[in-house]
Amino acid sequence: MTHLLFLTGLIALLVTGCGFTSTSPGEAVVFSRFGAVDPTCYPAGFYFYNPLTTSVYHVDVKVQKFEVRADASSRDLQDVHTTIVVNFSLDGSKCHEIVKTVGTDFAARIILPAVEEVTKASTALFPVEKVIQERPKLKKEIEDGLKVRLAPYWITVQAVSITTISFSRDFSHAIEQKQVEEQNVQRAEFVRQQAEKEGQRQLALAEGQAKANRLLQESLKSSPEVLQMKALDKWDGKLPVYMGSGSVPFIRLEQGKSP
């Protein structure tokens with residue numbers, strides 16, 4: 001019975017020219033009666049209104065994403081192309097002011113030009129080689145600038161991200177060539193260091209061998225027995241027939257023959 005009465009009343013409202021609207025969580029409602037925006041931003045709920053005299057605006061007050069490709073120039077006048085992502089939210093208590101002063105297409109009217117202008121101004125503070133090296137600083141410059149720029153429109157900037165950074169084709173080619181040259185220099189330096197280490201190793205070996213030879217010569221001069229020991233180390237065990245003049249001859253002894 002309750003449902004029947006509700007449906008009957010709803011049909012009667014529709015027949016008599018009344019309408020209704022409802023919103024989801026995270027949305028607000030703004031009514032405009034005879035072209036004048038009501039000075040209230042209504043929270044999510046169920047509302048009746050007169051569709052003949054009243055317009056209804058649904059405003060998303062959750063955190064939203066706005067992405068734009070922004071072109072700028074560095075401090076040394078090199079082209080810099082970036083993709084900027086802005087996470088923002090609208091003041092849920094002032095959304096009627098946004099509708100009245102800007103309209104529902106606030107993203108195109110307010111956020112887009114603000115991102116483009118602030119990105120140009122922020123990028124111009126950095127030389128081109130610092131744009132990537134100091135990316136966090138550039139991001140902070142853009143984020144701080146947007147917060148100041150959008151606050152008067154009851155738009156709160158939650159976060160800013162720089163998702164891509166690119167340069168002109170000529171400059172990108174120049175960067176690639178520079179990287180190749182730096183790699184070649186590093187490779188040549190590595191080869192030089194290896195050659196230097198090898199030279200030091202060979203010098204150390206030569207010095208060690210020279211020292212050993214010098215010590216051996218000194219030993220031979222001071223102790224002839226060492227030379228005899230060297231000769232014995234190399235002797236194959238066979239007696240020679242005759243060794244030098246002025247020394248004791250060695251007579252070959254042949255077995256099996258009588259004198």
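This structure is a prediction, so every number in the text was calculated from the model and none was measured.
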Chemist: After noting the C-alpha distance and the side-chain angles of T40 and H96, does the key distance pass the side-chain contact (heavy atoms from CB on, under 4.5 Å) rule?
Modeler: CA-CA 6 Å; T40 304; H96 60 284; 5.7 Å; no

Chemist: Quick check against the 3.5 Å criterion: does R109 have a side-chain atom that pairs as donor or acceptor with the backbone of V102?
Modeler: yes

Chemist: Taking atom CD of E207 and atom CD of Q200, what is their separation to the nearest 0.5 Å?
Modeler: 10.5 Å

Chemist: Please tell me if the side chains of R69 and S166 come closer than 4.5 Å, counting only heavy atoms from C-beta onward.
Modeler: yes

Chemist: Answer yes or no: is there an ion pair linking K147 with E143, defined by an N-O contact shorter than 4.0 Å?
Modeler: yes

Chemist: Under a 4.5 Å cut-off applied to non-hydrogen side-chain atoms, are V85 and V160 in contact?
Modeler: no

Chemist: Can we say E67 and K65 salt-bridge, meaning some charged N sits less than 4.0 Å from an Asp/Glu carboxylate O?
Modeler: yes

Chemist: Dump the intermediate steps for salt bridge (charged side-chain N to carboxylate O under 4.0 Å, His left out) on K94 and E97, then the final yes or no.
Modeler: CA-CA 5 Å; K94 295 292 185 178; E97 295 288 353; 5.2 Å; no

Chemist: Identify the heavy atoms of A72 and T119 that sit nearest to each other, and give their distance.
Modeler: CB-O, 4.1 Å

Chemist: To check you understand the geometry: which heavy-atom pair defines the closest contact between A108 and P113, and what is its length?
Modeler: O-CD, 3.4 Å

Chemist: Which pair of non-hydrogen atoms, one from P127 and one from S74, has the smallest distance, and what is that distance?
Modeler: C-CB, 4.1 Å

Chemist: Would you tabulate the side-chain donor-acceptor contacts of residues 51-58 under 3.5 Å, counting partners in other chains and residues two or more places apart, or write 'none'?
Modeler:
{"unit_1": "T54", "atom_1": "OG1", "unit_2": "N50", "atom_2": "O", "d": "3.4"}
{"unit_1": "H58", "atom_1": "NE2", "unit_2": "T21", "atom_2": "OG1", "d": "3.0"}

Chemist: Taking all non-hydrogen atoms of both residues, which atom of A28 and which atom of V61 are closest, and how far apart?
Modeler: CB-CG1, 4.2 Å

Chemist: Take D71 and V80 through the side-chain contact (heavy atoms from CB on, under 4.5 Å) test and state the conclusion after the steps.
Modeler: CA-CA 6 Å; D71 298 327; V80 181; over 6 Å; no

Chemist: Within a strict 4.5 Å, meaning less than it, do heavy atoms of the T156 and D91 side chains meet?
Modeler: no

Chemist: Can you tell me how far OG1 of T123 sits from CD1 of I165, rounded to the nearest 0.5 angstrom?
Modeler: 8.0 Å

Chemist: Assess whether a salt bridge exists between E117 and K120, defined as any Lys/Arg side-chain N lying under 4.0 Å from an Asp/Glu carboxylate O.
Modeler: no

Chemist: With a 4.5 Å cut-off on side-chain heavy atoms, are L90 and Q64 touching?
Modeler: yes

Chemist: Which heavy atom of S89 sits nearest to which heavy atom of V63, and what is that distance?
Modeler: CB-CA, 4.2 Å

Chemist: K140: which residues meet the side-chain hydrogen bond (donor to acceptor under 3.5 Å, both in side chains) condition with it, sequence neighbours left out?
Modeler: D144

Chemist: Would L125 end up clustered with L138 when hydrophobic side chains under 4.5 Å apart are linked, directly or stepwise?
Modeler: yes

Chemist: Is there side-chain contact between I84 and F66, with at least one heavy-atom pair below 4.5 Å?
Modeler: no

Chemist: Check G35 against S32 and note the closest heavy-atom contact, atom names and distance.
Modeler: C-OG, 3.4 Å

Chemist: Count I, L, V, M, F, W, Y as connected when their side-chain heavy atoms are under 4.5 Å apart, and connections chain through other members. Are I132 and F126 then in the same cluster?
Modeler: yes

Chemist: With a 3.5 Å distance limit and no angle check, can you tell me whether Q209 reaches the backbone of A206 through a side-chain donor-acceptor pair?
Modeler: no

Chemist: Has R135 got a side-chain atom pairing as donor or acceptor with I162's backbone, closer than 3.5 angstrom?
Modeler: yes

Chemist: Quick one: does S168's side chain have a donor or acceptor within less than 3.5 Å of a partner on D79's backbone?
Modeler: no

Chemist: Same hydrophobic cluster for V148 and V157, using side-chain heavy-atom links shorter than 4.5 Å among ILVMFWY?
Modeler: no

Chemist: Rounded at 0.5 Å granularity, tell me how far CD in E134 sits from NZ in K139.
Modeler: 15.0 Å

Chemist: By ring-ring contact (aromatic ring centres under 6.0 Å, His included), which residues pair with Y42, not counting sequence neighbours?
Modeler: F31, Y47

Chemist: Same hydrophobic cluster for V118 and V68, using side-chain heavy-atom links shorter than 4.5 Å among ILVMFWY?
Modeler: yes

Chemist: For the OG atom of S24 and the NZ atom of K62, what is their distance to the nearest 0.5 Å?
Modeler: 7.5 Å

Chemist: Just checking, is any N or O donor in the side chain of Q133 or E129 under 3.5 Å from an acceptor N or O on the other one?
Modeler: no

Chemist: Counting C-beta onward and ignoring hydrogens, is there a side-chain heavy-atom pair between V59 and T104 closer than 4.5 Å?
Modeler: no

Chemist: Check whether any side-chain heavy atom of F88 lies under 4.5 Å from a side-chain heavy atom of F106, and answer yes or no.
Modeler: yes

Chemist: Do T164 side-chain atoms and T82 backbone N/O form a donor-acceptor pair below 3.5 Å?
Modeler: no

